[in-house]
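Counting convention: from 1, in listed order, for ligands and their atoms alike. Sequence positions, counted from 1, serve as the residue numbers for this chain.
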Amino acid sequence: MGCSDDEHIVMLPMLAHGHLIPFLALANQIQQTTGFTVTIANTPLNINYLRSTTANSESKIRLVELPFCSTDHGLPPNTENTENLSLDRIIDFFDATKSLKTPFFNLLVDITQKQGKPPLCVITDIFCGWAVDVAKSAGTVNVTFTTGGAYGTLAYMSLWLNLPHRNLDCDEFNLAGFPDRCRFHITQLHRFLRMADGTDSWSRFFQPQISESLQSYGMLCNTDEQVESQALEWLRKFVKIPVWSVGPLLPPSLLNKSITSKQHSGKVPGLSTKKCLEWLDLQEPDTVLYISFGSQNTISASQMIGLAVGLEESKIPFIWVTRPPIGFDLKGRFRSEWLPEGYEERIAAVKKGLLVKNWAPQLDILSHESTGAFLSHCGWNSVMESLSQGVPIIGWPMAAEQGYNSKMLVEEMGVAVELTRGVQTSVEGKDVKKVIELIMDRRGKGREMKENAAKIGQQIRASALVEEQGKSLNDFVTSLINTRQQQSLPSSNHS
Ligand SMILES: O=c1ccn([C@@H]2O[C@H](COP(=O)(O)OP(=O)(O)O[C@H]3O[C@H](CO)[C@@H](O)[C@H](O)[C@H]3O)[C@@H](O)[C@H]2O)c(=O)[nH]1
């Protein structure tokens, strides 16, 4: 490869749970594959969080704090993460992250002085387009990392850069980067994107950050060449910079399918993990519906009632991660009045349902043999975790690129059915019951989805092995080193 292990790569994830974790997983892969020093920079509370998740592991990743004061930007004290921020404030928070520019530059200068050469590259989030210039000023290059998949990332970028839904009379439209057959629908767009016109605060943040990030040396995408071959082809054409697929970055515990409470993922299970696994052990294989909306989303109060009614009427066993509905403190106490009267007692009495407050051991649940389907907001990590276990999905996309992930799962992969979109729709018990019956049906459409998910699951588990991802990472690192060597040659050698 023509490289030495004294190389250094510096990473900067966006300040959000769904981004920190894939960055950490990528950092570990790079470290294991290349032996390079890898530093992750972020704000103090996020570094603390990363430190706590790596405390008992062998991780050799360096974690460096960058100063950030949320109140300087009119945000609540100690806001360093999108979690618990209302949607209206998220764009102010994203905007505030641009203040990391100077501390990040100073970190690169410091590393350069100590090592006698600049880092090989910096790997930053797709929302940190400003890092392209910072990397250049520090004598290195920026590589942009998308924590989403190829299809979702392409749709997200193209929509923000082109705003094709503006000035249209109909609700369906084509999108640059996709073939004509992939028609998009206005309801697949998040509320803020739907209203964006290029002058609003969301456009003013996303348009320059995305277009600047496309000036990077290359892009890393959290997906696999086999799983998203077509979408990767479209993405490469659109971004016009090299794209390396380095994913899906899944925890090793998911790579061996099917565990029960007796052979759980290795850690000593916490109380909630133990409870969930023991409950799952009581159920028949492939019968349980798992319901969760990721790390930071919840649904509206009326949707919660509709979902509860549908679950009860369908009579299937389920585990539901419940959070206070929209408008209430997400970390607050869950009140029984948010569910139909006597609900929790009734479902507990018939041992049909388990409500887990706020956070569940998702990986353990999805890899349990009793789990048969997942009602999900279609965040990319949830999608890959579910499919890696051959578990088909009921889509309920809410924000970010989730609507496009869901579209791909339904139209391209045949592994999902959509229940609804967003948090403003009305969800009726009978509609919930209908999609559950469809996905749990082990004949017809349900069986087809299950079989497709099983096939994709095999591909994902094979490609998520360290050696497989190592190939793509080696390729990426070799390209960086060759480019640096070519650039340091005397100019006469270029001619
Ligand atoms: O009760 C829970 C809920 C979530 N998780 C874990 O939290 C992660 C959630 O990630 P994801 O499904 O991607 O959802 P978000 O946290 O909402 O992810 C954000 O980041 C993703 C990656 O960029 C995007 O695809 C999403 O749209 C964006 O909302 C997964 O690893 C889950 O296993 C749990 O372990 N327990």
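Annotation: cation-pi geometry not satisfied between Lys352 and Phe318 (NZ/CZ under 6.0 angstrom from ring centroid, within 45° of ring axis).
The distance criterion of under 3.5 Å between nitrogen or oxygen atoms is met by Glu385 with respect to ligand 1. Residue Arg323 has no N or O atom closer than 3.5 Å to an N or O atom of ligand 1. In terms of N/O distances under 3.5 Å, ligand 1 is not approached by Gln296.
Using a 4.0 Å cutoff on heavy atoms, His377 counts as a contact of ligand 1.
For the atom pair Leu375 CG and Ile439 CD1, the distance stands at 9.0 Å (nearest 0.5 Å). To the nearest 0.5 angstrom, Thr287 atom OG1 is 10.0 Å from Glu369 atom CD.
Near Ser292, with a cut-off below 4.0 Å to any heavy atom, the atoms of ligand 1 are 3 (C). Residue Gly294 approaches ligand 1 through these ligand atoms, each under 4.0 Å from one of its heavy atoms: 3 (C), 4 (C). Atom numbering of ligand 1 starts at 1 in the shown order; those under 4.0 Å from a heavy atom of Trp380 are 13 (O), 24 (C), 25 (O). Under a 4.0 Å criterion applied to the non-hydrogen atoms of Val321, ligand 1 contributes the atoms 1 (O).
Scanning the protein for heavy atoms near atom 28 (C) of ligand 1, the closest one is Gln402 NE2, 3.9 Å. Atom 16 (O) of ligand 1 has its closest protein heavy atom at Ser295 OG, 2.4 Å. The protein non-hydrogen atom at the shortest distance from atom 25 (O) of ligand 1 is Glu401 OE2, 2.5 Å. When only non-hydrogen protein atoms are considered, atom 18 (O) of ligand 1 lies nearest to Gly18 CA, 3.9 Å. Counting only heavy atoms of the protein, atom 7 (O) of ligand 1 lies nearest to Trp359 CH2, 3.5 Å. The protein atom (non-hydrogen) at minimum distance from atom 12 (O) of ligand 1 is Ser382 OG, 2.5 Å.
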Evaluate ring-ring contact (aromatic ring centres under 6.0 Å, His included) for Phe68 paired with His73, printing each intermediate quantity in order. CA-CA 10 Å; Phe68 179 79; His73 307 277; 5.6 Å; yes
After noting the C-alpha distance and the side-chain angles of His165 and Asp171, does the key distance pass the side chain to side chain donor-acceptor pair (under 3.5 Å) rule? CA-CA 8 Å; His165 53 293; Asp171 287 343; over 6 Å; no
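Residue-environment remark: NZ (Lys455) stays at or below the threshold of 12 foreign heavy atoms within 6.0 Å.
Considering Ala360, Gly403, Ser376 only, the shortest heavy-atom separation from atom 35 (O) of ligand 1 involves Ala360. Comparing Asn381, Thr82, Asn405 by heavy-atom distance to atom 11 (P) of ligand 1, the nearest is Asn381. Heavy-atom proximity to atom 23 (O) of ligand 1, evaluated over Thr147, Ile319, Leu366, Asp364, is greatest for Thr147. Heavy-atom proximity to atom 32 (C) of ligand 1, evaluated over Met398, Met384, Gln362, is greatest for Gln362.
Remark: side-chain polar atoms of Glu228 are paired, donor with acceptor, to backbone N or O of Tyr151 under 3.5 angstrom. Looking at Ser388, its side chain does come within 3.5 Å of a backbone N or O of Glu385 through a donor-acceptor pair.
When side chains are defined from C-beta on, Glu65 does not count as touching Thr43, because their heavy atoms never get closer than 4.5 Å. Counting only heavy atoms from C-beta outward, the side chains of Trp279 and Val356 never approach each other to under 4.5 Å.
Contact annotation: for Ala400 versus ligand 1, heavy atoms closer than 4.0 Å belong to the side chain alone.
Contact check on Glu278 versus Lys275 returns no salt bridge, with no Lys/Arg side-chain nitrogen under 4.0 Å from an Asp/Glu carboxylate oxygen.
In this structure, the ring of Trp338 has its center less than 6.0 angstrom from the ring center of Phe328.
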